[in-house]
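To keep things clear, I will list the structure first and then write my remarks on it.
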Amino acid sequence: MSAVLSLREVGVTYGRGATAFQALHGISLDIEPGEMTLMLGPSGSGKTSLLQVMGCLLRASRGSVRLFGQDLHAGLTAEALAALRLQHIGFVFQHYNLFPTLKAWENVAVALDIKALPRAQQHAQALALLDRLGLADRAGHYPSELSGGQKQRVAIARAMAGAPRVLLADEPTAALDGKTGQGVAATLHELAHRDGVAVVVVSHDPRVEPFGDRVLHLEDGRLVDDRRPPRSSA
Amino acid sequence: MNAAGRGLGGTSLLAWRNLSHDRARFVVTLVGVLFAVLLMGVELGLLLGFARTTSGMVDHTQADLWITPAGTTNVDIAGRLDERRRFEALAVPGVAAVDALMLQFAFWRKPDGGTESVSMIGYNLASGQGRPWNLVQGRVEDLQQDDAVIIDTLYAAKLGVAALGQTVEINNQRARVVGFTEGIRTFTQSPYVFTTHRNAQKFTFLRPDQTTYLLVRLVPGADVDTVRDALQARLGRVDVWRSADFARAAQRYWLVTTGAGSALLLAALLGLVVGIVIVGQTLYATTVDRLPEYATLRAMGAPNRYLYAVILKQAAISAVLGFAGGMLLVGLVVLGGEGSTVAVAMPAGLVGVLALLTLFMCMLGALISIRRITRIDPTSVFQ
Ligand SMILES: Nc1ncnc2c1ncn2[C@@H]1O[C@H](COP(=O)(O)OP(=O)(O)OP(=O)(O)O)[C@@H](O)[C@H]1O
Ligand SMILES: [Mg+2]
C-alpha cells in the first residue's frame, strides 16, 4: 500500500515574533488508504491543526507534506490548495456546516456542481449518495428538518460527492448522542473498508475508538503514540 | 421546487435561496433598485424629451442647411434676414431650393381677455418646409385665409381656445384657429402658432422682404460641407449650419443655459448612487450573514470565482427584477406625460442604456461583498 499522505518533520507555528506559538513539532507519519485512522489527544494538543495540514487548509511552517506524491510546498497559492482539496479531499465537521437554505439533496448537489459534474447528473448522483447513507426518504428535507445524526450523514454524503480518496473528519460525533454517534462512526469505518478511502477522524469520543484501525496520540503538538490495536473491528 | 432546483446550477440555486430566504431584505433591495431605475429613467427621459423639444422645429423640416442671422444660438430666438438673400443662396452651385421660414414672438390675446406670448411660425405653403406636423384637426390648406392659424392641443387651454373656428387677437389683429396639432411642445413656454409666411409677416409687422431663416435643400449628390462653405463665403454676415448641427446647438443652448440639463443629469446620477448604496448595503448584509457558508464552500475546494458567481448572480437577480418593476413605473410616467407640455422620451435605446446602468449599479454594489469574500478564511469552519 502506498501512502496517500506523507508527512515528514512537519511543524506549524501560529503568529510570529513574541506572540508566535508552535502548535505542531516534528510530525512524521504516512496515512494509508482503506483504513480509518483515529487521532486522539487532549484539548489544544494540535489535532485540528494537523488535520488542516493534511487537508491542504493550512501550510506547514516546516517539514514536507506530500499528497499522492505531490509536494505541498509553501509556494502553492490559495487557489491551488483549493483545487487540491476539491480533487482529493472530503471534509466532515463537528457542526455539520450544511447549507441551511438548501435541501438535503441540494447540499450534496452543490458539492457535485463545484466539481463540475454536468447539471443533468447532479440530482441522480446526489440521491444515490444519500440512499447509500440511508437517507433516500429525507432527500427533499431542509437541514432544519433533520435530526443531528441525519444531518451528519448528509454532510458525509456531501463530503463523498465526487468520490475523494481522503476523508477528514473533526469531532464528527461530538454533537451526537451515543447510538447516533456510533452509527456515524460505523459509516466512516465502512467508507474506509468498502471504498478504500483514507479516513482520518479526530475525536475524543470513546464510542468511536473501537472503529479505529490505527490510533494516533498527540500531546503538546507532538505525536507520542501510533499503534494499530489488534481488536480492530471489521 | 424540486423540478426547478434540478435545472439550476449550484451558484444560481445558492444565489436565489440566499435572496429569497430573507424576504424583507430582498424587498428592500428590489425597492432600492426600482426607485433608482425610476429616478434615472424619468430624469434621463425628461432630458431626452427636452432635447427633442428644443430642436423639434429643426428636426421636423427636411432642410440640409439652415441660414440664420449671424450670432443665432437656437431656433427659438433669432433676428431677421433679408428675404432677397434667397436669390444669392440659389446661385451657389449645389443648392436645389431655398425656402424662407419665419419665427417671431408675438402677443396672443385670449377670447376672454388675458395675454400670452407665442412663437409665430410662418412657412411657405407650397414647399411645406416648416409646416405643422401631427395635425389632428383641420387642414393646412385652410391657412391660406389671411387670419388663419394652427395651434397645438397641449396649449389650447393656455391660449384660451376650446374649439376650431374660435377667434383671438395676435398683436391686436384678428386671428382664427383653423387646426390643431397634437404633441408639438416648446421649451420656451411660448407655444408655436403656425401660419403662412405672408400671414406671419402681417401678424408680427415684419416688412414683406424680411424673414428669420432660409432653409436650403441640396441637389442630390452635392457635398453638404462644400455647399455650406460656399454659402458662408457668398452670403457673408450670416451663419450657415448643417441641420443636425443647428439642432444640437439649440439643445445645448437651452439645456446648458437654463441649467435644466445638469439638474436632470445630477438627479439621474443621484438615482444611480442611491441604487449602488442600497444594493451594496443589502447584498453585503446578506453576505456577512452567510460567511460560514462561503467558508464551507471554500473549505470544500470551491475556487474563488464560484463564490463570486453566487454574489454576482444575487446582484443580477436584483437588477433584473428591480429593473422590470422600475421600468413599469417609468412606463406609467411616460404615458402620463403624453398629455402634458412636458414629455418623457423613452426610446428603445434609452431603455437599453437604463438596463446597462442598472446592471452596472448592481455589480458595483456587489463589489464590497466580493472584497469581503476574498479575505475569507476556510479554516474558520473548524471553530
Ligand atoms: N489560528 C490560530 N492562531 C493561533 N493559535 C492557534 C490557532 N489555531 C490553533 N491555535 C493554537 O494551537 C494549539 C493547537 O490547536 P488545535 O486547534 O490544533 O488543538 P486541538 O487538539 O484541535 O484542540 P481541541 O481538542 O480543543 O479542538 C492550541 O494551543 C491553539 O490555541
Ligand atoms: Mg480541535
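All figures in this text were calculated on a predicted structure; none of them were measured in a lab. Computed over heavy atoms, backbone and side chain alike; hydrogens, waters and symmetry mates excluded.
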Which portion of [X] sits near chain B, non-hydrogen atoms under 4.5 angstrom:
X         : answer
Leu51(A)  : side chain
Gln94(A)  : neither
Ala161(A) : neither
Ala109(A) : neither

What heavy-atom pair brings [X] and [Y] nearest, and what distance separates the two atoms?
X         : Y         : answer
Phe99(A)  : Glu293(B) : CE2-O, 3.5 Å
Arg298(B) : Ala82(A)  : NH1-CB, 3.7 Å
Asp113(A) : Gly10(B)  : OD2-N, 3.0 Å
Asn304(B) : Glu79(A)  : N-OE2, 3.1 Å

Do you know which of Ala302(B), Pro292(B), Ser20(B) has the most heavy-atom pairs with chain A at a distance under 4.5 angstrom?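 The option with the most such pairs is Ala302(B).
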Hey, which of Leu297(B), Asn18(B), Asp377(B) has the most heavy atom pairs under 4.5 Å with chain A?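 Winner by heavy-atom pair count: Leu297(B).
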Counting only heavy atoms not in [X] (residues, nucleotides, ligands), do more than 12 fall under 6.0 Å from its [atom1]?
X         : atom1 : value
Gln281(B) : CD    : no
Tyr308(B) : OH    : yes
Asp220(A) : CG    : no
Glu145(A) : CD    : yes
Tyr14(A)  : OH    : yes

Between NZ of Lys115(A) and CE of Met300(B), what distance do you get to the nearest 0.5 Å?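 Here the rounded value is 7.5 Å.
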Measure the spacing between CZ of Phe382(B) and CG of Asp170(A) and express it to the nearest 0.5 Å.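 With rounding to 0.5 Å, CZ (Phe382(B)) is 6.0 Å from CG (Asp170(A)).
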So which residue, Leu58(A), Leu81(A), Val110(A), ends up with the most heavy-atom pairs under 4.5 Å with chain B?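 Result: the option with the highest number of such pairs is Val110(A).
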Any idea which of Ile89(A), Leu84(A), Ile114(A), Leu98(A) has the most non-hydrogen atom pairs under 4.5 angstrom with chain B?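 It is Ile114(A).
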Is any side-chain heavy atom of Val381(B) closer than 4.5 Å to a side-chain heavy atom of Phe91(A)?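 Counting from C-beta outward, Val381(B) and Phe91(A) never come under 4.5 Å.
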So do the side chains of Thr296(B) and Arg158(A) get within less than 4.5 Å of each other, counting heavy atoms only?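 Yes, close enough: below the 4.5 Å cut-off.
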Main-chain N/O of Pro100(A) paired to Arg17(B) side chain as donor or acceptor, under 3.5 Å: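 It does not hold such a pair.
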